[in-house]
Amino acid sequence: MLTIGFIGTGNMGGALARAAAKEEGNRLLLHNRSPEKAQKLASELHAEVTDQAGALEADFVFLGVKPQMLEQLFSGLRPLLAERDQKPVLVSMAAVTSIRQIREMAGCALPIIRIMPNTPVAIGQGITLYACSPEVSEETEETFLRAMAASGRFIRSEEKYIDAGACISGCGPAFVDLFVEALADGGVACGLPRAMALELAAAMTAGAAGLILETGKHPAQLKDEVCSPGGTTIRGVRALEQGAFRSAAMEAVLAAYGK
Ligand SMILES: NC(=O)c1ccc[n+]([C@@H]2O[C@H](COP(=O)([O-])OP(=O)(O)OC[C@H]3O[C@@H](n4cnc5c(N)ncnc54)[C@H](OP(=O)(O)O)[C@@H]3O)[C@@H](O)[C@H]2O)c1
C-alpha cells in the first residue's frame with residue numbers, strides 16, 4: 001500500500017488526487033487550509049482528512065498550494081521534516097519554482113519531483129512534464145509513475161524546459177477552450193443548435209489531437225490529406241491564415257512564457 005498526501009486540494013491538487021484515487025493500492029491523505037474542501041473531496045474519493053503533520057507521514061507528498069504560498073507553508077513544514085528520519089518524496093506542482101528553491105525552503109536534503117500537470121489529469125487525459133532531484137532513485141520514479149498512471153501521459157524532462165512546456169500543457173487548455181468556443185459560434189452562425197455545435201467542436205478537437213498522437217504524422221501532413229484541391233476545407237484554412245491564426249497561437253505561448 002502506497003500512501004499519498006496532498007497539501008492543498010484546490011483545482012490542481014484535487015484533480016491529481018482524483019487521478020491517484022483511481023489506482024488500487026493508493027491510500028490518500030488530504031489536507032487543505034479550509035478543511036471543508038478536503039472533507040468534501042475525501043468523502044468523494046473515500047480518502048482520509050489529516051493535518052499538515054499527518055500528510056507528511058505519506059510516501060509521496062503533493063504540494064498543491066499557489067507558488068506565493070509556499071514560503072509560508074514551508075515555515076510550518078520545515079521543523080516537521082527535520083524531525084523525520086524517513087523523509088517523504090515531495091512532489092511540487094508550483095509554477096516557476098525550481099527544485100533548488102523547494103530544497104532550500106524544505107531546509108534538508110530529500111527527494112523532490114517537480115511536476116507540471118494540466119487540468120485534463122482529472123479525466124485521465126493529462127500530460128505531465130516532470131523532473132527529478134538527484135535523490136530520486138529509479139525505483140522511486142517508477143513507483144511514482146505507477147501510482148499516478150490514471151492521470152494520463154508523463155514526459156520526463158530536463159528541468160530547464162518545464163516553464164516553457166507549461167505554457168503549452170498548463171495554459172493550453174484555456175487556449176483550446178477559446179478555439180472550441182469560436183468553432184461552435186461559427187456553427188451557430190451557420191444555423192446549428194448551440195449544444196450540437198459545441199459537442200461537434202469539442203469531440204472533433206479531441207479526435208484531431210488523438211490522430212496526431214496515435215499516427216505520429218506531422219499536423220501539416222494531416223491537414224494536407226483533408227484539403228482537396230478547390231475544396232471547402234482549404235477555404236477555411238485560408239480564412240484562418242488571413243486571421244493570422246498560427247501567429248496568434250504562437251504569440252499566446254510566448255506571452256504566457258513572458259509572464
Ligand atoms: N490550475 C492549473 O491548471 C495548474 C496547472 C499546473 C500547475 N498548477 C499549480 O498548481 C498549484 C495550485 O494551483 P490551483 O490552480 O490548484 O490553485 P487553487 O485552486 O487556489 O488551490 C490551492 C489550494 O491550496 C490551499 N492552501 C493554501 N495555503 C495552504 C496551506 N498553507 N495549507 C494547506 N492548504 C493550503 C487552498 O486552500 P483554500 O481553500 O483555503 O483557499 C486551495 O485549496 C499552483 O502551484 C499552480 O502553479 C496549476
Side-chain angles (χ1 to χ4, degrees), residues 4-21 28-45 47-58 60-81 88 90-103 105-107 112-131 148 151-155 157 159 161-178 252-253 255-257 259:
I4 307 183
F6 286 86
I7 299 180
T9 57
N11 289 320
M12 206 60 243
L16 286 162
R18 280 194 175 82
L28 267 53
L29 303 174
L30 310 182
H31 170 66
N32 194 70
R33 183 174 56 191
S34 49
E36 54 283 2
K37 203 187 266 181
Q39 191 59 63
K40 188 160 174 276
L41 189 64
S43 326
E44 183 193 324
L45 304 180
E48 295 158 54
V49 175
T50 186
D51 56 12
Q52 243 178 33
L56 280 191
E57 294 295 318
F60 290 87
V61 180
F62 283 74
L63 306 176
V65 307
K66 293 276 188 200
Q68 62 272 22
M69 298 303 296
L70 279 171
E71 195 63 69
Q72 191 195 335
L73 174 67
F74 271 107
S75 63
L77 297 185
R78 230 180 345 264
L80 296 168
L81 283 169
L90 289 186
V91 183
S92 168
M93 64 192 80
V96 296
T97 310
S98 66
I99 288 177
R100 187 179 53 77
Q101 288 169 305
I102 296 288
R103 160 79 180 73
M105 286 186 269
I112 298 168
I113 302 179
R114 180 177 172 198
I115 62 171
M116 188 40 66
N118 62 3
T119 45
V121 299
I123 57 157
Q125 310 230 356
I127 176 82
T128 299
L129 268 179
Y130 73 100
M148 296 308 296
S151 71
R153 291 174 181 245
F154 280 83
I155 300 179
S157 163
E159 194 182 7
Y161 296 129
I162 290 206
D163 289 331
C167 298
I168 300 179
S169 60
C171 307
F175 305 158
V176 171
D177 289 340
L178 237 62
V253 176
Y257 191 60
K259 173 84 167 85

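Model, not experiment: these values are computed from the prediction. For this chain, numbers begin at 1 and follow the sequence in order. Order of appearance sets the numbers: ligands from 1, and atoms from 1 within every ligand.
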message = Working note: M116 + D163, criterion side chain to side chain contact (heavy atoms under 4.5 Å, CB included); need CA distance, chi angles, decisive distance, verdict.
response = CA-CA 8 Å; M116 188 40 66; D163 289 331; 5.6 Å; no
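The closest side-chain heavy-atom distance from P120 to I127 is not below 4.5 Å. In this structure the side chain of I102 reaches within 4.5 angstrom of the side chain of L70, judged on heavy atoms. Counting heavy atoms from C-beta outward, E159 and R100 have side chains that stay 4.5 Å or more apart. With a 4.5 Å cut-off on side-chain heavy atoms, V121 and M12 count as touching. Two residues are said to be in side-chain contact when any heavy atoms from C-beta on lie closer than 4.5 Å; L77 and L90 fail this criterion. Looking only at side-chain heavy atoms (C-beta outward), P88 and L81 come within less than 4.5 Å of each other. T128 is not listed as a side-chain neighbour of M93, based on a closest heavy-atom distance of 4.5 Å or more.
Using a 4.0 Å cut-off between heavy atoms, A166 makes no contact with ligand 1 at all. Counting heavy atoms under 4.0 Å from ligand 1, residue K37 touches it through the side chain alone. Contacts between M116 and ligand 1 below 4.0 angstrom, taking non-hydrogen atoms only, involve the side chain exclusively.
Some N or O of N11 is nearer than 3.5 Å to an N or O of ligand 1, by distance alone. At under 3.5 Å, a nitrogen or oxygen of V65, whether backbone or side chain, sits near a nitrogen or oxygen of ligand 1. Distances between N or O atoms of Q52 and those of ligand 1 include no value under 3.5 Å. Considering backbone and side-chain atoms together, N32 places an N or O closer than 3.5 Å to an N or O of ligand 1.
Nearest non-hydrogen protein atom to atom 13 (O) of ligand 1 is K66 NZ, 3.9 Å. The nearest heavy-atom contact from the protein to atom 33 (C) of ligand 1 is R33 N, 3.3 Å. For atom 46 (C) of ligand 1, the closest non-hydrogen atom of the protein is M93 O, 4.1 Å. Protein heavy atom closest to atom 21 (O) of ligand 1, with residue, atom name and distance, is G10 CA, 3.3 Å. The shortest contact between atom 12 (C) of ligand 1 and any protein heavy atom is with G64 O, 3.3 Å. Nearest to atom 47 (O) of ligand 1 among the protein's heavy atoms is A95 N, 3.1 Å. Remark: minimum distance from atom 2 (C) of ligand 1 to any protein heavy atom is reached at M12 SD, 3.7 Å. Protein heavy atom in closest approach to atom 6 (C) of ligand 1: P117 O, 3.3 Å.
Under the 30°/60° scheme for interplanar angles, the aromatic rings of F62 and F6 are found to lie parallel.
Open room surrounds CD on Q72; 12 or fewer heavy atoms of other groups in view lie less than 6.0 Å from it. Counting non-hydrogen atoms of other residues, nucleotides and ligands closer than 6.0 Å to CZ of R153 gives a total of 12 or fewer.
Residue G8 approaches ligand 1 through these ligand atoms, each under 4.0 Å from one of its heavy atoms: 24 (O), 25 (C), 34 (N). For ligand 1 and S34, the ligand atoms under 4.0 Å from any heavy atom of the residue are 38 (P), 39 (O), 40 (O). Residue contact check: T119 has heavy atoms under 4.0 Å from atoms 3 (O) of ligand 1. In summary, the atoms of ligand 1 found under 4.0 Å from a heavy atom of P67, numbered by their order in the structure, are 44 (C), 45 (O), 47 (O).
Remark: the backbone N or O of M105 is paired with a side-chain donor or acceptor of R78 at under 3.5 angstrom.
At least one heavy atom of L73 sits under 4.0 Å from some atom of ligand 1.
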